[in-house]
Amino acid sequence: MNLEFDPTKLPYKFVDSPSDAKSAFEDLLKEEVISVDTECTGLDPYNSKILLIQIGKKDMAYVFDARKIDCDTLKPLLEDPKKLKVLQNAKFDYEMLKAHCGITLNNIFDSMLAERILTCGLERSNSLAAIAEKHTGLSLDKDIRKTFEGLITQVNEQQVRYAALDVLILFPVFKRQWELLQKEDLVKVAKLEFGVVRVVGEMELKGLCINSSKWRKIIRELEKKRDETASKIQETIRPLYKVQQMGLFGGSADVLNLNSQPQLLDLFNNKLNIDIGSTGDSVLETVKHPVADLIREYRGHEKLISAFGESILEKVNKKTGRIHPDFQQIGADTGRFSCSNPNFQQIPRESEVAPFRSCFVPAEGYKYVVADYSSMEMRIVADLTGDERLIKAFEKDWDVHSATAALMFNKEYSSDFKKKYPDLRQTSKNINFGLVYGMGPGRLGMMIGVDAATAKGYMDKYFETFKNVKIWLDSASKLAVRNGYSMTPIGRKRWYLMPDKSDPNYDKIIASIERQGKNHPIQGANADATKYSLVFLFDRLKKEGVDGAITHTVHDEIVCEVREDQANDWAKIQQEEMERGARVFMKHCPPKAQAVVGDVWEH
DNA sequence: AGAGGTGGTG
DNA sequence: CATGCACCACCTCT
């Protein structure tokens, strides 16, 4: 790879005076493509500061001292929609520049997302060092990055050189990635992802408000229940253990640690003489012993307390009073988001004992508008297979599981089908859900309580009824194996590492690729629709001048926080835009989104 | 520190 | 022959 600069004699200028800033600005204004990076004292945009802003052209890097230069000097450059800004992990710099300088980056090329799009399924590490090494052969020393953490003194020359190289290297990386994106026909996907960056940036900056006292109340209740169950278990099994241990304060010590699988296994296998291979819920469920039931009860509460307890409240940001989770834009190889610190995509669904979701509340004077797609994956199946009867069912907005059951078992569809034939509907529902995962008869049988042969009969019946679904699924798995990748309708690819013929697990791995090859186009298409929706909604918020923000997304759901008096109108818009997001590629089956306005996170 | 088990979400 | 997709957090044990 030809570099346009000499890595041993980096072309950079350190800019720490207004006049130098002005001339650097003038010089950069001539460029159509600039690269951008920031060095900050930390990762949290609200509790750290920008030290350096680097802006590069292909043969020169300007390193601005953010503590001496007025950001406003750079604003017209960074906000110019005609200039392409190349960044590594643009979301981070977007948030920093927005929070500290009021600068809104646009027209973004994100090398991290580009690499992810180009290697989905193959590589998981998309650090600048890895990408630069791969595309230019130059190895970056990222150790210096750590030296910016909490820095209060003046930056040294080594730090400036490091900062300069980060933006210089982005040019050859960008050039190469752009060629590859075109070659792999991934430009459309890349443009979508790059458009989503600013939405994610704003979403993370906005965060969510949580009712801490209500949250704590739930945890306390759960702890009470857990402790009661735990004591009951300890008392019940104490006689089985020879050693009577006394606790520090006179009470009896626990006989075993209820969270320990080995100790639990020992309890069942050696003390209760009930052989179990694992302590998972599906196994304990079948154990006819009161202790098994108690442990399941204990587990249920312990899980909620440990995963969703105090740890989440510790994430409340001191500056904003809200929680700002990390959204990973291409968190899954299918194209889905993932979420962490904390993971707001796995908050339990609303229930009597654990109403966690109702603790998420909009700010004073605002409402939540929560919208999700209904039966999206089945609608995508209908669209991809072009099955007229499925499409018709969705056009009439029928319950899809009832409709498939009606077709499979030659019954008349009716609005009370679920009441009349609950078992038939359940069977169809399990097939519908299972088929997008490539499920087999064994698993289906387990789910509906019949043997594998009977279950296979149902599946045969299903595929006889929906021949084109079978054709599509077979073709999807074959294509994945033959091509080494699968694709969503907009062309998002997921690659597969093909096993060597000599691999002892060859068949197993191929079977797995076949299942992933069926699942990816469906799950990925859903993700694509949601991402288009995010972009459409974001633009619409601005266009309509709505006082609101996108705060959360969970795969087929988008949560907005909108000023009270505008919420109802926005709900209608949100529903329309989400359906439009799906119609980008759904040309046969109508998508459907449903929105509700409320004071808590619910749907 | 990392793996494995378990279990929460879509 | 065997066969459920995609994540992340917390726990224990090595």
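Letters A, B, ... are given to chains in the order of the sequence lines, protein chains preceding strands, and every chain is numbered from 1. Just so it is clear, the model here is predicted, and its values are computed rather than measured.
Computed from coordinates, the A/Arg299 CZ to B/dG5 P distance equals 13 Å when rounded to whole Å. Rounded to whole angstrom, the span from the NE2 atom of A/His555 across to the P atom of B/dG8 amounts to 16 Å. C/dT3 atom C1' lies 5 Å from atom CZ of A/Arg515, rounded to whole Å.
Within 4.0 Å of A/Val554, counting heavy atoms only, lie sugar-phosphate atoms of the nucleic acid but no base atom. Looking at heavy-atom distances under 4.0 Å, A/Gly280 makes contact with sugar-phosphate atoms alone, never a base. The residue A/Ile522 sits apart from the nucleic acid: no heavy atom pair falls under 4.0 Å. Contact annotation for A/Gln523: base contact, defined as any heavy-atom pair under 4.0 Å involving a base atom.
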Reading 5' to 3' through nucleotides 7-14 of chain C, protein heavy-atom contacts under 4.0 Å coded B for base, S for sugar-phosphate only, - for none: SBBSSSS-
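By the side-chain hydrogen bond (donor to acceptor under 3.5 Å, both in side chains) test, A/Asp333 pairs with A/Arg116, sequence neighbours left out. Remark: A/Arg220 engages A/Arg216 in a side chain to side chain contact (heavy atoms under 4.5 Å, CB included) (not counting sequence neighbours). Residues passing the side chain to side chain contact (heavy atoms under 4.5 Å, CB included) test with A/Thr279 are A/Gln261, A/Leu264, A/Leu265, A/Ile276, A/Arg299, sequence neighbours excluded.
Closest to the A/Ser278 side chain, of the nucleotides B/dT9, C/dC5, B/dT6, is B/dT6.
At a cut-off of 3.5 angstrom, counting only N and O atoms as typed in the model, there is a donor on one side and an acceptor on the other between the side-chain of A/Arg336 and the base of B/dG10.
The side-chain heavy atoms of A/Leu390 and A/Thr404, taken from C-beta on, include a pair separated by under 4.5 Å.
Each salt bridge (charged side-chain N to carboxylate O under 4.0 Å, His left out) pair with one or both residues in residues 347-359 of chain A, not counting sequence neighbours, would appear here, but there are none.
Remark: A/Glu561 does not engage A/Lys206 in a salt bridge, criterion side-chain N to carboxylate O under 4.0 Å.
For the pair A/Lys271 and A/Tyr241, the distance from NZ or CZ to the six-membered ring centre is under 6.0 Å and the angle to the ring normal is within 45 degrees.
Taking every heavy atom of residues 471-484 of chain A and every atom of DNA chain C, no pair lies under 4.0 Å.
Of the possible donor and acceptor atoms, none in the side chain of A/Gln329 sits under 3.5 Å from a partner among the backbone N and O of A/Phe337.
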